[in-house]
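If you read the sequence from its start, that first residue is 1, and numbering goes on from there.
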Amino acid sequence: MGKPERAANADMYLDAPSAGLADSPALQRAHGVARLSFRRKADETRLEQLYQEGCAKIRLPTGTAGAPREAILINTAGGLTGGDQLTTEIIVGPRAGAVVTTQACERIYKSSGDVATVSNSLRVGTGAHLAWLPQETILFNGGRLQRKLDVDLAPDADFLGLEAIVLGREMMGESVNSGMLHDRWRVRRDGVLVFADDLRFAGDIAVTLGRRSVLNGRRAMATLLAVGDDSERLLDPVRALIGEEEGGASAFDGRLIIRLVAPSSYLLRGRLEPIITLLLRGRALPKVWRL
């Protein structure tokens with residue numbers, strides 16, 4: 001065969017497949033798996049299993065005797081972009097208690113087209129309680145994230161869950177005009193679905209989120225869910241903390257649901273902290289939230 005012809009207006013061959021994407025090195029992607037389980041022994045919550053793989057790491061600070069065990073999830077990749085995958089599995093055994101958070105805000109960077117996926121699976125046993133309190137997720141312009149939270153609770157288990165989203169960093173002058181977010185919650189108690197929530201926006205998200213019926217120009221939002229026999233009695237105190245600020249709360253059948261929006265991550269954090277402290281029944285926030 002003769003040499004391939006050259007394009008008239010480009011310094012590349014017309015039969016580009018021989019030097020095209022098929023020969024390009026695969027882009028590196030972050031993959032992480034974290035598994036953690038706790039059990040009750042001698043009136044204390046103790047670690048039963050710890051498994052970490054890839055970019056997912058776990059740290060267990062020393063806590064006060066008799067207090068819920070604290071775990072900190074760390075993504076050593078420093079953030080997520082298209083094609084990255086993180087999987088977390090938490091089991092809290094009967095009568096045990098745990099608080100799980102993250103070392104810092106998770107960052108979702110601009111994607112070339114693929115979606116970053118995060119899968120969180122939580123199981124809470126009889127008489128146990130779990131507080132799932134990751135710090136905020138920051139979505140950058142062009143970021144694409146698909147995240148799911150699956151929670152299975154025993155009939156008498158207590159659960160407090162939080163997910164907060166910030167659209168860019170206001171102090172850096174960042175704005176988010178395009179991207180994708182699909183945040184999916186499924187919470188079951190004794191095998192029965194008690195809470196289902198799907199948040200999804202894509203494409204020209206600046207227009208969508210700017211609508212009065214959505215965020216009305218706000219850049220930070222959060223959802224809090226408390227499931228437990230006494231969750232409903234906290235409705236009035238929570239509403240008092242929300243006050244006249246943007247947001248709301250409702251409670252029914254052992255569930256308390258809180259929605260908050262704010263102009264900035266700083267203002268959102270300032271509103272979240274007293275509400276979470278109340279829902280923790282006076283226990284202190286994880287230390288990483290106060291650094």
Side-chain angles (χ1 to χ4, degrees), residues 34 36-48 50 57-75 88 90-93 95-106 120 122 124-125 127-137 149 151 153 157-164 166 220 222-243 245 247 249 251 255-260 262 264-291:
L36 195 61
S37 65
F38 298 98
R39 64 190 177 100
R40 186 79 171 180
K41 184 177 180 181
D43 294 328
E44 288 188 359
T45 296
R46 300 190 180 185
L47 177 68
E48 183 175 47
L50 187 153
K57 306 300 179 187
I58 305 170
R59 295 295 179 266
L60 299 166
T62 302
T64 305
R69 195 65 192 269
E70 185 176 318
I72 301 173
L73 305 177
I74 303 171
N75 174 16
T88 301
I90 307 290
I91 299 175
V92 184
R95 297 174 39 251
V99 177
V100 180
T101 185
T102 55
Q103 181 190 37
C105 297
E106 188 62 89
N120 300 311
L122 317 176
V124 189
H129 55 92
L130 170 64
W132 172 257
L133 300 174
Q135 297 191 63
E136 300 89 340
T137 295
L149 175 66
V151 185
L153 305 174
D158 287 333
F159 173 71
L160 172 61
L162 164 71
E163 292 292 0
V166 177
T223 296
L224 275 160
L225 171 69
V227 180
D229 292 337
D230 64 345
S231 295
E232 292 176 75
R233 70 174 182 82
L234 297 174
L235 177 60
D236 288 339
V238 165
R239 284 179 170 172
L241 288 173
I242 295 174
E245 301 292 336
R255 284 156 282 176
L256 172 62
I257 303 163
I258 304 163
R259 309 278 195 182
L260 299 174
S264 69
S265 59
Y266 176 80
L267 292 175
L268 179 68
R269 176 68 72 103
R271 297 175 60 197
L272 279 173
E273 289 182 356
I275 293 174
I276 294 172
T277 300
L278 172 67
L279 297 178
L280 288 173
R281 276 63 168 182
R283 296 191 301 270
L285 281 164
K287 292 180 180 178
V288 291
W289 271 70
R290 293 174 279 137
L291 295 177

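Residues satisfying the side chain to side chain contact (heavy atoms under 4.5 Å, CB included) criterion with Arg233, sequence neighbours excluded, are Asp230. Applying the salt bridge (charged side-chain N to carboxylate O under 4.0 Å, His left out) rule to Arg259 yields the partners Asp197; only residues at least two apart in sequence or on another chain are considered. In this structure, Ser231 has no side-chain hydrogen bond (donor to acceptor under 3.5 Å, both in side chains) partners at least two apart in sequence or on a different chain. For the salt bridge (charged side-chain N to carboxylate O under 4.0 Å, His left out) test, residues two or more places apart in sequence or in another chain that qualify with Glu136 are Arg269. Here Glu70 pairs with nothing under the salt bridge (charged side-chain N to carboxylate O under 4.0 Å, His left out) rule; sequence neighbours left out. Scored by the side chain to side chain contact (heavy atoms under 4.5 Å, CB included) test, Ser37 finds Glu48, Gln49, Ile91 as partners (sequence neighbours excluded).
Between atom CG of residue Leu256 and atom CG of residue Leu234 there is a gap of 6.5 Å, rounded to the nearest 0.5 Å.
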Practice task
Evaluate the criterion side-chain contact (heavy atoms from CB on, under 4.5 Å) for residue pair Thr101 and Leu285; output intermediate values, then yes/no.
Solution key: CA-CA 10 Å; Thr101 185; Leu285 281 164; over 6 Å; no

Practice task
Give the C-alpha distance, both sets of side-chain angles, the deciding distance and a yes or no for side-chain contact (heavy atoms from CB on, under 4.5 Å) between Val92 and Arg40.
Solution key: CA-CA 9 Å; Val92 184; Arg40 186 79 171 180; over 6 Å; no

Practice task
Apply side-chain contact (heavy atoms from CB on, under 4.5 Å) to the pair Val151 and Leu225, showing each step before the final yes or no.
Solution key: CA-CA 11 Å; Val151 185; Leu225 171 69; over 6 Å; no

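Listed here is the closest heavy atom pair of Gly125 and Ala157: O-CB, 3.4 Å. Here the closest non-hydrogen pair linking Pro134 and Trp289 is O-CZ2, 3.7 Å.
In this structure, the side chains of Leu122 and Val100 stay at 4.5 Å or more apart for every pair of heavy atoms. Considering only heavy atoms from C-beta on, Glu163 stays 4.5 Å or farther from Thr223 through its side chain. At least one side-chain heavy atom of Leu279 sits under 4.5 Å from a side-chain heavy atom of Val238.
Checking each of Leu149, Leu160, Val124, Val99 against Trp132 for a side-chain contact (heavy atoms from CB on, under 4.5 Å) leaves exactly one that passes, namely Leu149.
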